Colleague: 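Below is the structure I would like to discuss, written out as structure tokens.
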Number of protein chains: 2
Amino acid sequence: MGLRERTRRTVQKEIAEAAQRLFVERGYEATTIDDVAAEVGMSPRSVFRYFATKEDIVVGKLGFVAEEMLQALRDRPADEPVWESLRRIFDLLVPHVDAPGKREVADPMQRIVFTTPALLASYLEKLHVMGDAAETAIRDRAQAAGKPYSDDDPTPRALVAGAFGCLLAAQKAWLAGGAKQSFAEAIDQAMATIGPR
Amino acid sequence: MGLRERTRRTVQKEIAEAAQRLFVERGYEATTIDDVAAEVGMSPRSVFRYFATKEDIVVGKLGFVAEEMLQALRDRPADEPVWESLRRIFDLLVPHVDAPGKREVADPMQRIVFTTPALLASYLEKLHVMGDAAETAIRDRAQAAGKPYSDDDPTPRALVAGAFGCLLAAQKAWLAGGAKQSFAEAIDQAMATIGPR
DNA sequence: GCCGAACTTGTCACTGACTGTCAATTAGTG
DNA sequence: CACTAATTGACAGTCAGTGACAAGTTCGGC
């Protein structure tokens, strides 16, 4: 990654942090892009050069994490049960949700995501797209392992959708239930209630 | 349902049909609300009196179907396995997806939903909200049957999330795979690959 | 058939997210 | 230091969506 890309990410992070502070303070919808731009001291136009949409300021980071998770999925042993592989790559998401130290902002921000239709929609859509990629990865590795799924077999997609559903269930349960357990434990618990047949 | 409500739905249907014709013809994003308004011969302002958002013109119908499905869920025997109950209420959605007769418009429209980020996001969000309500219904009936889930038990949410994931998987598989099987069969197949433990 | 309350409609003015363009500035490269 | 490429702000414009209001329209009670 070149220097350009690095400074770009720095600015992105700065915008995101300032914006999320405002979102938590005043509410997501009540905060305009102009407010955010003023807070970081740049023009509104430039904010959109770092984030395609207002929602992206909040959920954009997920795109990067998704990349890591997909790579991790491809790196898993080809003969590992799919359900187990998915559980393992979710570990990469954990520190971003159950953020060590900075729960102060991350926690209320997540609540905002789940209570703001536009943000929730955006979040779900990102997860869905990641799910598509995960399905492909799973089909590829089954192919490589010599036991390919037939093209019209919905199994890989159903497994991914089920696992992601559990992930979401775990996140909501974890957010609702105070800090009685870690997010990782919540995922374990959710993914134990259903699974491949 | 009063007369006013009935005429209201009639107008909604008229707008939705005209709009979807345009969406299929010219593309969703390339079609403006002004275009739709002109097509049905009313002011743009009035279109928004029938649909809260542009996306709602496409996915709004799902809200009504969701109501029916939730009622059906509450009407299911309290001792039926949850997975089975969910499978059964999905039957109410089937005729709206695998629409008898009017595949001409419904089919390409569904493809548009899955390929237009804003629409997909909106669709997923609606399903998610329905999932919330379904979770409540399931907890209620377990309570009524004398075996309540504990408040922090993620099982009901995970079951719902998993089942809805399968539904989505089935829909995508069905859309992709031509008409080799019925949508109902696709759901059966997806929901057979995973399930409660 | 008439009337007032309730509902619907179009118009207008406005906000806010986003985009294209261009000229000025800034920052890496040789 | 000079050159090229990327970054920026300013500006004008599109489109979705909202609030307010005045002009119809509908409908039950008389």
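Just so we're on the same page: letters track the sequence lines, and every chain starts at 1. Bear in mind that the values here come from a model prediction, so they are computed numbers and not experimental data.
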Colleague: Taking the side chain as every heavy atom from C-beta outward, state whether A:Val40 and A:Glu14 have any pair of such atoms under 4.5 Å apart.
Modeller: yes

Colleague: Tell me, please, which residues at least two apart from B:Tyr50 pass ring-ring contact (aromatic ring centres under 6.0 Å, His included).
Modeller: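 Applying ring-ring contact (aromatic ring centres under 6.0 Å, His included) to B:Tyr50 gives none.
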
Colleague: CD of A:Glu5 versus C1' of C:dG28: gap in Å, rounded?
Modeller: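 It is 16 Å, rounded to the nearest whole Å.
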
Colleague: Below 4.0 angstrom, which residues in residues 13-23 of chain B have at least one non-hydrogen atom near DNA chain C?
Modeller: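 Heavy-atom cutoff 4.0 Å gives no residues at all.
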
Colleague: Hey, does the side chain of A:Tyr50 come within less than 4.0 Å of D:dT8's phosphate (OP1/OP2), counting only N and O?
Modeller: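 For D:dT8, OP1/OP2 do have a side-chain N/O of A:Tyr50 under 4.0 Å.
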
Colleague: Does B:Ser43 make a side-chain N or O approach to OP1 or OP2 of C:dT9 shorter than 4.0 Å?
Modeller: no

Colleague: Please tabulate the protein-to-nucleotide N/O contacts below 3.5 Å involving nucleotides 16-19 of chain D, giving atom names and distances.
Modeller:
from   : atom 1 : to      : atom 2 : distance (Å)
D:dA16 : OP1    : B:Lys54 : NZ     : 3.3
D:dA16 : OP2    : B:Ile33 : N      : 3.3
D:dG17 : OP2    : B:Lys54 : N      : 2.6
D:dG19 : N7     : B:Arg45 : NH2    : 3.0
D:dG19 : O6     : B:Arg45 : NE     : 2.9

Colleague: Please report, rounded to the nearest Å, how far the P atom of C:dT9 is from the CD atom of B:Gln12.
Modeller: 11 Å

Colleague: Atom CZ of A:Arg4 to atom P of D:dA5: distance rounded to whole Å?
Modeller: 11 Å

Colleague: My understanding is that only residues two or more places apart in sequence, or in another chain, count here; which of them pass side chain to side chain contact (heavy atoms under 4.5 Å, CB included) with A:Thr10?
Modeller: none

Colleague: Apply side chain to side chain contact (heavy atoms under 4.5 Å, CB included) to B:Asp34 and list each qualifying residue two or more places apart in sequence or on a separate chain.
Modeller: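 By the side chain to side chain contact (heavy atoms under 4.5 Å, CB included) rule, B:Asp34 matches B:Thr32, B:Pro44.
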
Colleague: Would you mind listing every side-chain hydrogen bond (donor to acceptor under 3.5 Å, both in side chains) that reaches into residues 186-197 of chain B, with sequence neighbours excluded?
Modeller: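 Listed once each, the pairs are B:Arg87-B:Asp188.
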
Colleague: Just say parallel, tilted or perpendicular for the rings of B:His128 and A:Phe114, cut-offs at 30° and 60°.
Modeller: tilted

Colleague: Ignoring hydrogens and angles, state whether a donor on the side chain of A:Tyr123 or A:Gln171 is under 3.5 Å from an acceptor on the partner side chain.
Modeller: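 The criterion, which ignores hydrogens and geometry beyond distance, is satisfied for A:Gln171 and A:Tyr123.
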
Colleague: Regarding A:Asp56 and A:Lys126, does a basic nitrogen lie under 4.0 Å from an acidic carboxylate oxygen?
Modeller: yes

